[in-house]
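Before any comments, here is the structure.
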Amino acid sequence: MRKIITAFLFLISAFTSIAQLVESKEVEIAMSNSVYEDLTIVPLDSNGVIIVKDQQGMFNKKAKLIITKYDKNLVPVWFNNFDPGLFFELEKYYLSTDGFYCLLKEKNGEKIKILKIDLDKGDLIFIETELLTNIQIEHFVGYKSKVMIGGEYNDRPVVELHRMFDKSAKVLPGIYNNHLEIQTIETNEPENEFYLMMRETKKCAFRILSFDLEGKKINDVRLEDKNKKILNANILKINEQNQFMAGSFAEDCGDLALGFYYFPIKDPEKRQYIKFSEFENFYTYLPEKRQEKLKKRKEIKAKKGKEFKIKYKLNLQQPFIFENEVMLLAEVYFPEYKSNTYISSRTPSINTYDNGITRREATNFRYTHAIMMSFDFEGKKTWDYSIDLKNLASESLLDKVQANHVGDKVLVAYPKEETIQLKWIKKGHKAEPLAPLDLKKTNASKLSEISVEMISWFPQTFLVFGYKKTTNVYGGESDEFFYMKKMEIKQPEDLKDLN
């Protein structure tokens with residue numbers, strides 16, 4: 001059951017001279033009380049969004065995958081149902097230009113099912129086959145009906161290539177090694193290649209292996225710089241001719257991020273490393289007095305010939321690509337370990353760069369602040385900034401802070417409990433905090449509980465989503481819903497027309 005809610009206008013600020021965030025559409029999806037349901041949201045930029053509803057009955061009976069595509073106005077385009085069969089679970093998924101791939105695995109077995117769904121029509125094809133090795137699956141990508149499945153077996157990395165058209169498969173050679181670990185697997189679709197990013201744990205070097213679609217190794221690039229260790233890597237597909245690799249790096253063989261790096265994917269020798277201590281506006285998340293104190297400490301160390309180092313544990317997001325530049329964004333966090341933690345609330349899965357299904361953690365996470373840095377398509381650093389997140393709490397390690405580019409400003413938004421926190425940031429100026437949007441207060445008479453997550457969907461548009469419970473006329477709890485809100489950045493002149 002779906003219910004379209006009448007659009008409601010949220011104002012960011014009382015000042016009409018400032019662009020505001022407007023809710024233009026909301027969709028509710030009723031949750032079942034008879035089966036367990038988990039929802040995964042997969043944004044398609046301006047092409048819409050895919051919702052995967054994974055239903056599991058008692059003892060794995062009556063399991064079902066319901067895959068629905070909505071357009072950019074949250075109007076349903078198509079849906080398709082798939083019966084996984086007994087004891088199969090949705091393990092991973094991957095969004096490619098030629099389709100949406102899903103991997104299901106048999107519990108306590110090697111049997112797998114690979115699905116490919118057409119993005120335009122929703123047509124579904126699948127195969128049932130078996131893994132060649134008893135690996136713990138960690139990575140999954142697909143392109144042109146060929147998929148790579150990566151993971152570990154006996155604490156060593158393994159990658160299998162499966163072809164959907166004839167069910168043939170092979171294990172990629174030269175990877176099963178004691179001193180290697182898989183960081184991620186990516187597709188380079190313009191070149192018809194798979195990229196396998198790996199770390200050498202013994203020497204702390206980073207390797208980029210490229211394979212053709214048949215699993216033949218094309219290239220093996222080894223990145224090893226003195227006193228630097230690449231921690232992670234994302235491929236930025238700006239266009240067919242212009243692709244970058246970017247991520248964070250550590251000092252020596254450490255695991256705490258020291259800064260960001262980036263380079264053109266076809267020219268690794270042009271890689272640049274930029275430490276957080278070199279940022280112009282790194283301390284903007286702190287009060288001004290604290291900023292001045294740290295700047296003086298940095299100057300004193302510099303006079304003594306010593307380096308002022310800043311190291312953090314980072315949740316690095318998939319980079320944002322705007323009109324003429326790329327923005328790297330990461331949240332600084334620390335885990336809170338608690339024994340006998342019981343988590344009762346829902347957290348919808350989000351399509352992050354690892355394309356995995358969010359598994360519930362028995363740990364809480366605290367985000368202290370967010371760091372952002374941008375560079376143009378020529379590789380020149382253009383800007384940096386940081387914002388205070390005030391120890392934002394989360395039950396899962398998710399991408400919290402979202403950004404959208406409007407002219408010469410960036411609107412930064414992140415969920416906190418039942419609200420959306422907002423800041424306008426203009427290069428060369430201080431951040432301008434805006435009045436938070438209280439989603440529960442807006443519908444206080446109807447809501448008893450609401451969770452809030454969000455993503456930057458496409459230019460000047462955010463997608464807000466989560467779970468909510470409503471109250472009936474007698475004051476008791478009624479049904480639970482998964483909801484999605486399309487929220488757009490509107491200029492003052494546009495708001496006059498809406499009013």
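T68 places no side-chain N or O within 3.5 Å of a backbone atom of I51 that could act as its donor or acceptor partner. Side chain of N81 to main chain of I67: no donor-acceptor pair is present (N/O by atom type, distance under 3.5 Å, no hydrogens or angles). Looking only at distances, a side-chain donor or acceptor of T382 sits under 3.5 Å from a matching main-chain atom of S374. N404 contributes a side-chain N or O that, together with a main-chain N or O of Q460, makes up a donor-acceptor pair within less than 3.5 Å. A donor-acceptor contact shorter than 3.5 Å links the side chain of S456 to the backbone of A403. Not a single donor-acceptor pair under 3.5 Å links the side chain of D384 to the backbone N or O of M372. S277 contributes no side-chain N or O that, together with a main-chain N or O of K275, makes up a donor-acceptor pair within less than 3.5 Å. Judged by distance alone, the side chain of E37 and the main-chain N or O of S32 form a donor-acceptor pair under 3.5 Å. In this structure, the side chain of D71 engages the main chain of N73 through a donor-acceptor pair within 3.5 Å. Not a single donor-acceptor pair under 3.5 Å links the side chain of D54 to the backbone N or O of D38.
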Which is it for E395 and R366 under the salt bridge (Lys or Arg N to Asp or Glu O under 4.0 Å) test, yes or no, and what are the steps along the way?
CA-CA 9 Å; E395 293 171 352; R366 292 280 181 176; over 6 Å; no
Using the rule given for ring pair (Phe, Tyr, Trp, His ring centres under 6.0 Å), can you reason through F206 versus F249, listing the C-alpha separation, both sets of side-chain angles and the distance that settles it, and then say yes or no?
CA-CA 11 Å; F206 196 85; F249 71 95; over 10 Å; no
Before giving the answer on ring pair (Phe, Tyr, Trp, His ring centres under 6.0 Å), spell out for F375 and Y262 the whole-Å C-alpha distance, their side-chain angles and the decisive distance to 0.1 Å.
CA-CA 9 Å; F375 60 90; Y262 57 91; 3.9 Å; yes
Begin from the C-alpha positions of T201 and E181 and carry the test side chain to side chain donor-acceptor pair (under 3.5 Å) through to its verdict.
CA-CA 7 Å; T201 56; E181 62 181 27; 5.8 Å; no
Checking K105 against E91 for the salt bridge (Lys or Arg N to Asp or Glu O under 4.0 Å) test, could you report, in this order, the C-alpha distance in whole Å, the side-chain angles of both residues, the deciding distance, and whether it holds?
CA-CA 6 Å; K105 184 179 180 296; E91 190 78 18; over 6 Å; no
List the steps, then state whether side chain to side chain donor-acceptor pair (under 3.5 Å) holds for E417 with T419.
CA-CA 6 Å; E417 297 176 345; T419 68; over 6 Å; no
Quick one: do E331 and Q317 satisfy side chain to side chain donor-acceptor pair (under 3.5 Å)? Show the steps, please.
CA-CA 8 Å; E331 295 104 343; Q317 298 192 23; 2.8 Å; yes
Could you go through the salt bridge (Lys or Arg N to Asp or Glu O under 4.0 Å) check for K298 and E307 one step at a time?
CA-CA 8 Å; K298 180 180 177 181; E307 184 181 356; over 6 Å; no
Ring pair (Phe, Tyr, Trp, His ring centres under 6.0 Å), that's the test. Do Y101 and Y94 meet it? Break it down for me.
CA-CA 5 Å; Y101 293 81; Y94 186 79; 7.2 Å; no
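Between E480 and K469 there is no salt bridge, since none of the side-chain N atoms of the basic residue sits less than 4.0 Å from a carboxylate O of the acidic one. In summary, K426 and D408 engage in a salt bridge, as defined by a charged side-chain N under 4.0 Å from a carboxylate O.
Under the ring-ring contact (aromatic ring centres under 6.0 Å, His included) criterion, Y283 pairs with no residue, sequence neighbours left out. Here Y414 pairs with nothing under the ring-ring contact (aromatic ring centres under 6.0 Å, His included) rule; sequence neighbours left out.
Between L329 atom CG and L314 atom CG the span is 10.0 Å, to the nearest 0.5 Å. Atom CZ of F279 is separated from atom CD1 of I371 by 6.5 Å, given to the nearest 0.5 angstrom. With values rounded to the nearest 0.5 angstrom, Y36 atom OH is found 8.0 Å from M31 atom CE. Considering CG of L223 and CE of M197, their distance stands at 10.5 Å, rounded to 0.5 Å. The distance from the NZ atom of K416 to the NZ atom of K400 is 11.5 Å, given to the nearest 0.5 Å. To the nearest 0.5 Å, atoms CD (E89) and CD (Q56) are separated by 6.0 Å.
K237 and T187 form a side-chain donor-acceptor contact under 3.5 Å, judged by distance and modelled atom types alone. In this structure, a donor-acceptor pair under 3.5 Å is absent between the side chains of D376 and N324. No side-chain donor from either of Q136 and E152 sits under 3.5 Å from a side-chain acceptor of the other. Using a 3.5 Å distance cut-off with no hydrogens or angles, the side chains of E189 and T97 do pair a donor with an acceptor.
Here the closest non-hydrogen pair linking L328 and P319 is CD2-CG, 3.5 Å. The minimum heavy-atom distance linking K113 with P84 is given by the pair NZ-O, 2.6 Å. Shortest non-hydrogen contact noted between H369 and F282 is NE2-CZ, 4.3 Å. Between I135 and G150 the shortest heavy-atom distance is CD1-C, 4.2 Å.
Within the structure, the side chain to side chain donor-acceptor pair (under 3.5 Å) test picks out the following pairs touching residues 243-255 (sequence neighbours left out): N188-Q243, K229-D255, N232-S248, E251-K309, E251-K311.
Taking the side chain as every heavy atom from C-beta outward, L65 and N80 never approach each other to under 4.5 Å. Side-chain contact between I41 and V49 is present, with at least one heavy-atom pair separated by less than 4.5 Å. Two residues are said to be in side-chain contact when any heavy atoms from C-beta on lie closer than 4.5 Å; H405 and E325 meet this criterion. Between L21 and L422, the closest side-chain pair of non-hydrogen atoms falls below 4.5 Å. Side chains of N391 and F334 form a contact here, defined as non-hydrogen atoms less than 4.5 Å apart. Using a 4.5 Å heavy-atom cutoff, the side chains of K313 and Y333 are in contact. Side-chain contact between T368 and L392: absent, with no pair of heavy atoms (C-beta onward) separated by less than 4.5 Å.
For the pair K468 and Y483, the cation-pi criterion (under 6.0 Å, within 45° of the ring axis) is fulfilled. Remark: K228 is positioned above the aromatic ring of Y273, its terminal NZ or CZ atom under 6.0 angstrom from the ring centre and at most 45 degrees off the axis. A cation-pi arrangement is absent between K486 and Y70 under the rule of less than 6.0 angstrom and at most 45 degrees off the ring axis.
Environment of NZ in K430: sparse, with no more than 12 heavy atoms of neighbouring residues, nucleotides or ligands closer than 6.0 Å. Atom CD of E280 has 12 or fewer neighbouring heavy atoms from other residues, nucleotides or ligands inside a 6.0 Å radius. Taking a 6.0 Å sphere around NZ of K72, one finds it holds 12 or fewer heavy atoms contributed by other residues, nucleotides or ligands. Counting heavy atoms of neighbouring residues, nucleotides and ligands inside a 6.0 Å radius, atom OH of Y153 does not exceed 12 of them.
Each of L115, L44, I117 was evaluated against F100; a single residue qualifies, I117, per the side-chain contact (heavy atoms from CB on, under 4.5 Å) test. A side chain to side chain donor-acceptor pair (under 3.5 Å) with S24 is found for one member of E488, K490, K485 and no other, namely E488.
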